[in-house]
Amino acid sequence: MTDKPRWFQTTAIDYPNSRPHIGTAFEKLGADVQARYRRMEGFDVYFLMGNDENTLKVADRAKELGQEPQAYCDDMARQFQHVWRALDISFDTFVQTSHERHKQCCRKFVQKVHDNGYIYKGSYEGWYCPGCEEFKSDKAHAEHAGQCPAHKRPLVRRSEPCWYFELSAFQDRLLKHLKETPEFVQPESRRNEMIGFIEAEGLQDLNISRHGEQWGIKLPFDPEFTIYVWFDALLTYVTGIGYGDDEATFRKHWPADVHFIGKDITRFHTHIWPAMLWAAGEEAPKKVFSHGFVNNNGEKMGKTLGNVVDPLEIIAKSSTDAYRYYFMRECPFPSDGDYSGQRFEEVYNSELANNLGNMLSRGLTLVTKNYESKLDGTANETPESVVPNLNLAEFVATVRGHVEACRYNLALQAIVQDFLTPTNQYLETNAPWKLVKTDKDAAKRVLFNAVQSLRIASILLKPFIPKSAEAIYTSFNFPKPWAEVEYADAAELKAQPDDLRVTAELVEGKVKPLFPRIG
RNA sequence: CGCGGCGUGGAGCAGCCCGGUCAGCUCGCCAGGCUCAUAACCUGGAGGUCGUAGGUUCAAAUCCUACCGCCGCAACCA
């Protein structure tokens, strides 16, 4: 077990101000496909998710609902995890930043950075609204003629003590790292953006303290202050694997292989986060993958626009795998995508129902009706390829490359267009339903070959639609246990020791559609 | 001159980095075939001056320049 390569990945942790929507779910899904793929490929995967609870908004929201902040957070954490489980997100741990363990580890980290000399006391000066009891940005001051937009009262210039993280000290090292480590920020366009930002504006020291808050984590060296929520949120990635209280586990997993995040928080993860780690004497993560956003019918989605879509609604009308397939197939993970109910139906019906699902029905029915579910004499026979001009090993390598680069839409496109559709053509050309009347052995051979396509497709689709892929694979007596299949198994056509037979359960002799058409 | 993305047949997209084999894919539409299958599948067809104008080149959707149009971010709605 110890010789397995390890794979530690995270998603961004969410503010639990409101329930998850299809945008937040998009990230978890993309991350989950990667985690499932890595597990198949023999990695010792650890997949961390969590909620970011030490923000004032959370405390405010709890107060609105008349709840204790902690009770509110715990309840939201339950709800989030409920949605993630409904989507078959295979996370290994779920961190809540309001929990004591995180707080303790967090304090140790901050103390370490302080001990290393990268945190200093200074003062923050800005425009302050006595009504809001908070600082407003210079921009807000300029745009509202020096008044608070909420209270319509003049903002006052105010200065107060605070603690700074010396981000500027890492500017040169960071720029060098960004330039010399192309894989550190993906996709490429984001990396260029991050390099450009430093070159144009440089890095300013960061105020990491907040004064006079009750909710949040206190600075260990100055309990008057709480830690700025971003500083504490990023630490989830290390406190969740034992930083500060379980050295062995931490050393096993860190540095992270990849952080999956939204494009809007790329700077936090590629400027501030590596600097924080270096300041504490730790390594930077190996990769930060910045994914795109999901629109709703071409429009930006947001709470204030009132057009957020709940993943559970979509699942209720279709299925978990249909949901997973749509977003991974239709929305390019590195860039933006779009959700619409109509498009969802189109993709589902044409690719899952008519193509993949229907192919399974055809295969099962033909074998069941004509050969009583068993293809005698096929044991130890090597199947032939049903797709002309396709080098199977190369094809699988291509799909693998797409999955590893998180180009999930292209991986699925290749599976459908270059593999499933040609398999349908093969069936049409060889018409085993006709052939069986004149040459039963020849027809058997055709079916034996065609069924292999289902085996291969199910393996390649396992990270994307785990339940359905399993249902396809286990419809036949393929020798290798489902839990052990890997992509390499899809790359070759092999003989099996027993005659091929149907093991799927039939209802009154009929095949139950895997993906019933919708709409 | 803030930053970034995009503009390809009716709709949605791929291709552009590494110019030619590119005008491709899905949906929709029309005609035909088949009937094993979830009214599914297969074949053929109509439909595009690849935003506009220049330039480089033997050759440009693909490289360069300018312009037009749309959209994000810049304001803690992932």
Side-chain angles (χ1 to χ4, degrees), chain A residues 11-15 17-18 20-28 52 55-57 136-140 143-144 149 188-190 192-193 196-197 200-201 228-230 233 260-268 290-295 298-308 329-332 335-338 340 342-343 345-347 349-370 407 409-410 413-414 416-418 421-436 443 446-447 450 510-518:
Chain A
T11 60
I13 60 175
D14 299 305
Y15 284 131
N17 297 348
S18 56
H21 53 72
I22 58 175
T24 39
F26 185 51
E27 171 177 295
K28 316 311 172 201
D52 180 10
T55 160
L56 271 188
K57 293 223 165 158
K136 301 290 174 183
S137 66
D138 289 349
K139 194 156 281 179
E143 284 176 7
H144 296 91
E188 190 70 23
S189 56
R190 296 276 162 235
N192 295 337
E193 225 178 304
F197 185 96
E201 304 185 24
Y228 172 47
V229 66
W230 260 106
F260 289 102
I261 57 157
K263 62 182 183 181
D264 55 333
I265 53 176
T266 311
R267 271 204 65 222
F268 285 101
S290 181
H291 65 76
F293 285 173
V294 175
N295 291 322
E299 285 186 329
K300 189 187 164 176
M301 202 165 47
K303 280 166 221 153
T304 50
L305 290 169
N307 64 345
V308 291
R329 169 72 177 94
E330 190 63 12
C331 306
S335 32
D336 294 350
D338 191 43
S340 84
Q342 190 190 339
R343 187 73 192 138
E345 270 184 29
E346 275 177 21
V347 170
N349 283 336
S350 71
E351 298 191 356
L352 288 179
N354 297 351
N355 199 331
L356 179 62
N358 184 48
M359 189 184 298
L360 177 66
S361 296
R362 299 177 92 175
L364 287 175
T365 306
L366 284 163
V367 174
T368 308
K369 280 190 181 163
N370 298 301
R407 295 185 297 255
N409 60 321
L410 298 184
Q413 178 178 304
V416 172
Q417 288 177 15
D418 302 337
T421 296
T423 299
N424 265 324
Q425 290 165 345
Y426 172 82
L427 281 174
E428 210 63 31
T429 307
N430 293 284
W433 51 90
K434 211 182 275 180
L435 192 59
V436 74
V446 168
L447 287 175
K510 287 212 69 174
V511 176
K512 189 169 154 251
L514 184 61
F515 298 106
R517 281 179 62 89
I518 55 176

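Protein chains get the first letters and strands the later ones, always in sequence-line order, with residue 1 at the start of each. Owing to the predicted nature of the structure, the values given are computational and were not obtained by experimental measurement.
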Inset, instruction - Would you check, one step at a time, whether the test side chain to side chain contact (heavy atoms under 4.5 Å, CB included) holds for A/D14 with A/K28? - result: CA-CA 11 Å; A/D14 299 305; A/K28 316 311 172 201; 3.2 Å; yes
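Nucleotides B/G54 and B/G10, compared at atom P, are 24 Å apart to the nearest Å. Comparing B/C27 with B/U43, their P atoms are spaced 12 Å from each other, to the whole Å. Using atom C1' as the reference point in both B/C41 and B/U35, the two lie 9 Å apart (nearest Å). Here, B/U65 and B/G44 have their C1' atoms 44 Å apart, quoted to the whole Å. For the P atom pair drawn from B/C18 and B/A75, the interatomic distance equals 35 Å after rounding to whole Å. For the P atoms, the distance linking B/G69 with B/C64 amounts to 22 Å, nearest Å. Spacing of C1' atoms, B/A11 relative to B/G48, comes out at 14 Å, to the nearest Å. One C1' atom belongs to B/A37, the other to B/G51, and the distance between them is 45 Å to the nearest Å.
In this structure, B/U52 forms a base pair with B/A66, meeting either the Watson-Crick or the G-U wobble geometry with both donor-acceptor distances under 3.5 Å. Pairing for B/G32 is with B/C42, a Watson-Crick or G-U wobble pair whose two hydrogen-bonding atom distances lie under 3.5 Å. Using N1 to N3 plus N6-O4 or O6-N4 for Watson-Crick, or N1-O2 and O6-N3 for G-U wobble, each under 3.5 Å, B/C25 pairs with B/G12. Remark: B/G20 base-pairs with B/C58. Criterion, Watson-Crick or G-U wobble with two distances under 3.5 Å. Base pairing analysis places B/G2 opposite B/C73; the two distances defining the Watson-Crick or G-U wobble pair are each below 3.5 Å.
The side chain of A/Y15 approaches B/C76 more closely than any other nucleotide in the set B/A78, B/C76, B/A37. Distances from the side chain of A/S361 to the nucleotides B/A37, B/C42, B/A78 place B/A37 closest. The side chain of A/E330 sits closest to B/G12 out of B/A37, B/G12, B/C34. Closest to the side chain of A/F293, from the set B/A78, B/C36, B/G72, is B/A78. Among B/A40, B/C42, B/A78, the nucleotide with an atom closest to any side-chain atom of A/H21 is B/A78. When distances run from any side-chain atom of A/D264 to the nucleotides B/A78, B/A40, B/C42, the shortest one goes to B/A78. For A/N354, the side-chain atoms get nearest to B/A40 when compared with the rest of B/G33, B/U38, B/A40.
Contacts of A/L410 with the nucleic acid, taken as non-hydrogen atoms under 4.0 Å apart, are absent. Within 4.0 Å (heavy atoms only), A/E346 reaches sugar-phosphate atoms of the nucleic acid but no base atom. Nucleic acid contact class of A/V294 (heavy atoms, under 4.0 Å, all strands): base. Across all strands shown, A/Q413 has no heavy atoms under 4.0 Å from either base or sugar-phosphate atoms. Nucleic acid contact for A/H291: none, since no nucleic acid atom lies under 4.0 Å from a heavy atom of the residue.
Using modelled atom types, no side-chain atom of A/H291 and backbone atom of A/K263 make a donor-acceptor pair closer than 3.5 Å. Judged by distance alone, the side chain of A/E27 and the main-chain N or O of A/G262 form a donor-acceptor pair under 3.5 Å. Proximity of a side-chain donor or acceptor of A/T429 to a complementary backbone N or O of A/Q425 within less than 3.5 Å is detected. Judged by distance alone, with hydrogens and angles left aside, the side-chain atoms of A/N354 form a donor-acceptor pair with the main-chain N or O of A/N349 at under 3.5 Å.
Put simply, CH2 on A/W433 is 10 Å from P on B/A37, counting in whole angstrom units. Atom CG in A/L427 sits about 13 Å away from atom P in B/A37, given to the nearest Å. In this entry the distance linking CH2 of A/W230 with P of B/A78 reads 12 Å, nearest Å. Atom CZ in A/R362 sits roughly 8 Å away from atom C1' in B/C42 (whole-Å rounding). Per the geometry, CZ belonging to A/F197 stands 13 Å off P belonging to B/G4, to the nearest Å. One atom, CG of A/L514, and another, P of B/A37, lie 17 Å apart when rounded to the nearest Å. We find that CG of A/N424 is positioned 9 Å from C1' of B/C42, with the value rounded to whole Å. Put simply, CG on A/D338 is 14 Å from C1' on B/G72, counting in whole angstrom units.
Place A/F515 and A/E193 on RNA chain B by their nearest nucleotides, and A/E193 ends up nearer the 5' end. Both A/L366 and A/Q417 sit near RNA chain B, but only A/Q417 has its closest nucleotide nearer the 5' end.
Taking every heavy atom of both residues into account, A/R329 and A/N409 meet most closely at O-CB, 3.3 Å.
Side-chain contact between A/W230 and A/I265 is present, with heavy atoms from C-beta onward closer than 4.5 Å. Here the side chains of A/N355 and A/N424 are in contact, with some heavy-atom distance below 4.5 Å.
Remark: A/Q342 is not in phosphate contact with B/G28, judged by side-chain N or O atoms under 4.0 Å from OP1 or OP2. Phosphate contact (OP1/OP2 of B/U38, side-chain N/O of A/K510, threshold under 4.0 Å): present. Between B/A37 and A/K369, a contact under 4.0 Å exists linking OP1 or OP2 to a side-chain N or O.
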